[in-house]
Every structure is written in C-alpha cells, then in structure tokens.
Amino acid sequence: MTNAFSLYSTLKERIVRRDAHVATIGLGYVGLPLALTISEAGFRTTGLDLNKPRVDAINAGERVISYFPEDRIRNAVADGKFAASADPSDIGTADIVLICVPTPLSSAREPDLSYVIRAAEGAAAWLRPGQLIVLESTVWPGATATVIKPILERGGLRAGEDFFLAFSPEREDPGNAHFSTQSIPKIVGADDQKSRELVEQFYSQIVEKAVPVSSLATAEAVKLAENSFRTVNIALVNEMKVAFEAMGVDIWEVVSAAATKPFGYMPFYPGPGIGGDCIPVSPVYLSWRARDVGSSLPIVDLARANNDGAPELIAGRVNAELTADRRDGAKGARVLILGISYKKNIEDTRESPALAILNCLEKMGARCDYYDPYFPVMPVTRDHPDLAERRSVALTAETVASYDAVLVTTDHSDVDYALVAQSARLVLDTRNVFAALGLRPSAGRIVKT
Ligand SMILES: NC(=O)c1ccc[n+]([C@@H]2O[C@H](COP(=O)([O-])OP(=O)(O)OC[C@H]3O[C@@H](n4cnc5c(N)ncnc54)[C@H](O)[C@@H]3O)[C@@H](O)[C@H]2O)c1
C-alpha cells in the first residue's frame with residue numbers, strides 16, 4: 001500500500017465514522033453557518049477567526065448572525081461538538097481544514113486574494129500529512145492550483161500525495177428561509193481523484209447533495225458562472241424597468257406575469273443596484289481572469305457597468321421627483337433613506353447600493369438621514385468610511401413627515417410601511433414594497449422607481 005493510499009484510506013474511514021476533526025478558517029456569514037452545520041452532522045468542529053471579540057461572543061452563545069434561530073450557536077457550543085478559537089495551532093490537530101475568508105475587490109477594483117493567501121499561509125504553517133484542505137472562498141478559475149497549492153507545498157508536502165486539496169464554493173444565501181447550508185447542493189472539485197473522493201465523501205455526510213466536478217478550476221468557475229448569471233439578469237431587468245416605464249408599462253407586473261411561464265424564464269426583480277460580497281464581486285474575478293488568459297466577457301462587463309451606474313440613476317430619479325415638488329430638486333432637500341443593508345432582513349452593508357445612493361444625493365446637495373432596524377449606528381464600510389457613526393433616526397410619523405422624500409432602498413420586513421405611507425410627502429420605492437403590501441399614500445405620493 002502506497003503512503004498516499006494509506007493517508008487517503010485513514011482519512012476516509014475517519015470521515016465515514018464522523019470522527020474526523022474539522023477546522024474552519026473564518027467565522028463570517030459563510031464560515032459560521034458551515035461550521036455549525038458540520039458540527040450538527042456529528043463532526044467535532046473548531047471555528048477559527050482572527051477576530052477575538054467575535055470568537056468570544058460565539059463561545060458565549062451570542063447570536064452574532066441575526067437571522068439564526070435564537071439558540072443555534074448556544075446549542076452547538078453546549079453540545080461540546082463546536083467551539084470557536086483564535087488559536088491557529090488548532091489547524092494542526094484538524095483532519096479537514098476549510099478556508100472561508102473574504103475575497104473582496106482591491107481599491108483598483110481587481111481581485112484581492114490577500115485574505116485567502118494569509119489563511120493558506122496559516123494552514124501551511126500547521127500542515128501535516130493526511131490533511132484535507134478545502135478552499136471555500138470565491139476565487140478565479142486557476143487560483144487554488146496556482147496560488148494556494150504552491151503556498152501549501154512550501155514545506156515539502158505534495159498535494160494529492162501527502163495531503164489532499166479541493167475547492168468547494170460557498171452558495172450560502174444569508175437570510176434565505178427556504179434554503180440552508182444543509183439543503184443547498186455543494187459543488188466539490190479537485191485535480192486528483194483521492195482529493196475529489198474525500199471531499200465528496202465528506203460533504204455527502206454534511207449536505208443533502210454533493211456534486212463532484214472534474215477539477216479545481218471547474219469548481220471555481222461554477223461559482224463565478226452562477227453569480228455572473230445573476231449580475232447579467234439584474235442589469236437586464238433594471239434596464240427594462242427604465243424602457244418599460246417610458247412605454248407606460250410597470251416592470252413589476254411584467255415580471256410577475258412572465259414568471260408564470262413554467263419553462264425558459266426565471267424572474268429577476270428591479271432594485272437600487274447590487275450589493276453584498278458576491279454578485280458585485282464575482283463577475284470582476286471572472287472578467288479579470290478572462291483578460292488574463294487573452295479572452296473577454298463583454299456582456300458581463302456591460303452588465304457590471306449597468307449595475308455600477310444604478311445608484312446614480314436612482315439618485316437622479318429622486319432629484320427629478322423632488323423637482324416636481326420644490327424648485328431646487330435634491331439641493332437642500334431632506335431625504336430619508338429607508339434601509340442600508342444590501343438586501344432585506346440581514347445586517348450586511350458590504351457594497352450596499354443604499355450607501356452609494358446616499359453619497360450621490362449628498363453630492364447633489366441633499367441632506368440625508370437613514371433608518372434601518374439592523375443598524376442603530378452606521379458601521380465602517382470599505383467604500384464609505386466617512387459615513388461611519390451616523391445614527392439611524394426613529395421611525396415616527398413626525399420624523400417621516402419632516403422629510404421632503406423617503407427613499408426605500410431595502411425592504412426589511414420589520415418596518416412600519418403603513419406609517420410611512422400615511423406620513424410621507426413623497427416616497428420613492430425601489431423594491432415595490434408598498435404595492436406588494438397594498439398600501440396607498442394618505443396625502444403624499446408613492447412613486448415606484
Ligand atoms: N456572504 C455571502 O453571502 C457569501 C455567499 C457565498 C459565498 N461567499 C464567499 O465566501 C467567502 C467568505 O465570505 P463571508 O461573507 O463569510 O466573509 P465575512 O467577512 O463575513 O467573514 C470572514 C471572516 O473571516 C475572518 N478571517 C479573515 N482572515 C482570516 C484568517 N487569516 N484567519 C482566520 N479568520 C480570518 C474574518 O475575521 C471574518 O470573521 C468570500 O469568498 C465570499 O465571496 C459569501
């Protein structure tokens with residue numbers, strides 16, 4: 001029996017018996033749900049994070065992600081199967097190491113693999129024969145093989161022989177009540193058969209379905225294809241919104257009627273622009289890599305430009321509607337931004353279009369405040385650090401009535417839209433929330449945009 005085969009067989013048996021020790025590097029929106037799901041499947045799991053206060057909060061059973069069931073973290077910790085840690089030496093005792101750290105854009109809006117590289121260096125420092133390392137962060141096709149593998153191999157161990165290397169993209173949809181980490185099929189890819197079999201075996205015991213693909217690059221490409229598909233379709237529906245409006249047609253009615261077609265159509269909804277860590281970022285990774293290999297993706301690039309311009313379009317629309325009410329339009333107007341998260345019911349402002357719109361409006365001379373039940377205080381964000389520390393206003397009839405316009409950018413469920421409809425002078429609704437709730441304005445106007 002070769003050494004590689006013996007290492008493979010030993011790990012496989014431990015996976016089947018569920019006594020392999022798993023470490024996740026990164027306990028964010030992706031790493032924490034994944035670590036909990038793995039521990040709930042019976043594997044002893046250590047969640048590592050550099051952020052010590054977050055580690056302490058998790059170990060204290062605090063609900064650090066708002067949409068989690070109240071005692072999910074507390075139960076996992078109390079069960080003894082899960083613990084958070086800031087001690088990198090825990091990587092050394094793990095049999096399986098999952099890397100779930102951010103992959104944002106650099107200030108030049110290019111792929112920033114610095115977190116992944118740092119995490120891989122951390123894993124390399126503790127790498128031992130027989131471990132399975134799985135990168136989960138979104139990267140460009142080829143990154144695991146050409147960037148991560150050489151880092152892991154620096155100490156002399158070889159992927160596919162001494163340790164095993166796979167890529168399995170995260171498809172987590174934070175706040176989605178219909179799909180969980182466990183029910184979303186998991187793509188698993190590797191460049192050698194042993195790594196592929198091990199990662200497939202592992203995830204088959206965690207999620208309802210593991211979907212093996214033939215290589216690391218294919219698995220990386222799947223994630224970028226999914227997100228670029230969304231990017232293009234969101235750009236398309238926002239473009240159609242403007243054209244249909246000029247024709248006197250309501251895009252929301254069109255989409256909901258078109259969605260009754262049982263094949264060949266998938267509904268995408270208009271909005272104020274795209275946000276989060278995935279949809280605005282993945283197409284940049286894909287496009288960047290395409291250029292790197294002498295190819296191009298003009299449709300994806302056009303969609304990106306369209307989405308990037310969406311906040312400015314919305315700000316322009318606010319200005320136009322205000323001009324109907326006051327001579328100076330947005331200049332000097334008081335505008336209330338309703339919702340700063342990039343999507344409903346989560347506390348995440350990464351790449352949020354609401355903040356970009358707020359910025360545009362203030363450049364036009366508007367005075368903006370915001371209301372968001374998830375953010376009593378505006379967090380520090382990469383793109384808008386100057387907005388940090390602003391405070392959410394209270395949503396009362398008097399407050400709402402004091403603004404020239406209320407702009408709905410995020411349709412959080414826990415907002416009193418009836419109060420807004422009754423008190424606001426002008427509402428601009430980018431999410432169709434008032435029509436969906438059947439709310440009509442009392443004295444002011446509600447404009448879909
Ligand atoms: N958030 C989503 O909806 C989502 C969905 C699918 C895929 N993804 C992808 O998953 C990856 C992770 O995203 P996220 O949203 O979980 O990020 P996040 O910012 O919520 O969490 C990342 C965590 O990693 C920690 N971290 C960073 N470097 C570390 C290191 N070297 N060692 C230990 N901990 C470290 C940070 O402190 C942070 O807590 C990204 O590639 C992202 O594109 C995200």
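Whatever order the structure lists them in is the order used to number ligands and atoms, beginning at 1.
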ask   = Taking only heavy atoms of Gly28, which atoms of ligand 1 are found under 4.0 Å from at least one of them?
value = 16 (O), 18 (P), 20 (O), 21 (O), 23 (C)
request  = Considering heavy atoms of the protein only, find what lies nearest to atom 20 (O) of ligand 1 and give residue, atom and distance to 0.1 Å.
outcome  = Tyr29 N, 3.1 Å
key: Thr181 and Glu172: side chain donor to acceptor below 3.5 Å   = yes
query = Nearest protein heavy-atom contact for atom 23 (C) of ligand 1: which residue, which atom, what distance?
reply = Asp49 OD2, 3.6 Å
request  = Please say which of Thr410, Asp411, Asp173 ends up in a side chain to side chain donor-acceptor pair (under 3.5 Å) with Lys343.
outcome  = Asp173
request  = Using the six-membered ring wherever Trp is involved, compare the ring planes of Trp140 and Trp288 and label them parallel, tilted or perpendicular (cut-offs 30° and 60°).
outcome  = tilted
Charged N-O contact under 4.0 Å between Lys186 and Glu136 = yes
query = Nearest protein heavy atom to atom 43 (O) of ligand 1, by residue and atom, and its distance?
reply = Thr138 OG1, 3.3 Å
ask   = Would you call Arg350 and Asp348 a salt bridge, using N to O less than 4.0 angstrom?
value = yes
Ligand 1 contact by Cys278, heavy-atom criterion under 4.0 angstrom = yes
N-O pairing of Arg109 and Glu351 below 4.0 Å = yes
inquiry  = Using heavy atoms and a 4.0 Å limit, tell me yes or no: is Lys223 in contact with ligand 1?
reply    = yes
remark   = Judged by heavy atoms only, the candidate from Val101, Thr24, Asn51, Thr103 nearest atom 11 (C) of ligand 1 is Val101
query = For ligand 1, which atoms sit closer than 4.0 Å to a heavy atom of Asp277?
reply = 13 (O), 15 (O), 40 (C), 42 (C), 43 (O)
query = So is Tyr342 polar-close to ligand 1, meaning N/O to N/O under 3.5 Å?
reply = no
inquiry  = Taking the six-membered ring of Phe68 as reference, does the cationic atom of Arg72 (NZ for Lys, CZ for Arg) lie under 6.0 Å from its centre and within 45° of its axis?
reply    = yes
query = Pick from Thr430, Asp250, Asp429: which one makes a side chain to side chain donor-acceptor pair (under 3.5 Å) with Lys448?
reply = Asp250
ask   = Pick from Thr46, Thr45, Asp95: which one makes a side chain to side chain donor-acceptor pair (under 3.5 Å) with His21?
value = Thr46
ask   = Considering only heavy atoms, which of Lys52, Arg350, Glu170, Glu172 lies nearest to atom 15 (O) of ligand 1?
value = Arg350
query = Closest non-hydrogen protein atom to atom 22 (C) of ligand 1, residue and atom name please, with distance?
reply = Pro102 CD, 3.5 Å
task = List the closest protein heavy-atom neighbour of atom 24 (O) of ligand 1: residue, atom name, distance to the nearest 0.1 Å.
result = Gly26 CA, 3.3 Å
inquiry  = Side chain or backbone, does Pro174 bring an N or O within less than 3.5 Å of an N or O on ligand 1?
reply    = no
query = Is it true that Arg44 and Asp79 have a side-chain N and a carboxylate O under 4.0 angstrom from each other?
reply = no
key: Heavy atom of the protein closest to atom 16 (O) of ligand 1 (residue, atom name, distance)   = Val30 N, 2.9 Å
query = Quick one: nearest non-hydrogen protein atom to atom 32 (N) of ligand 1, plus distance?
reply = Ile25 CG2, 3.3 Å
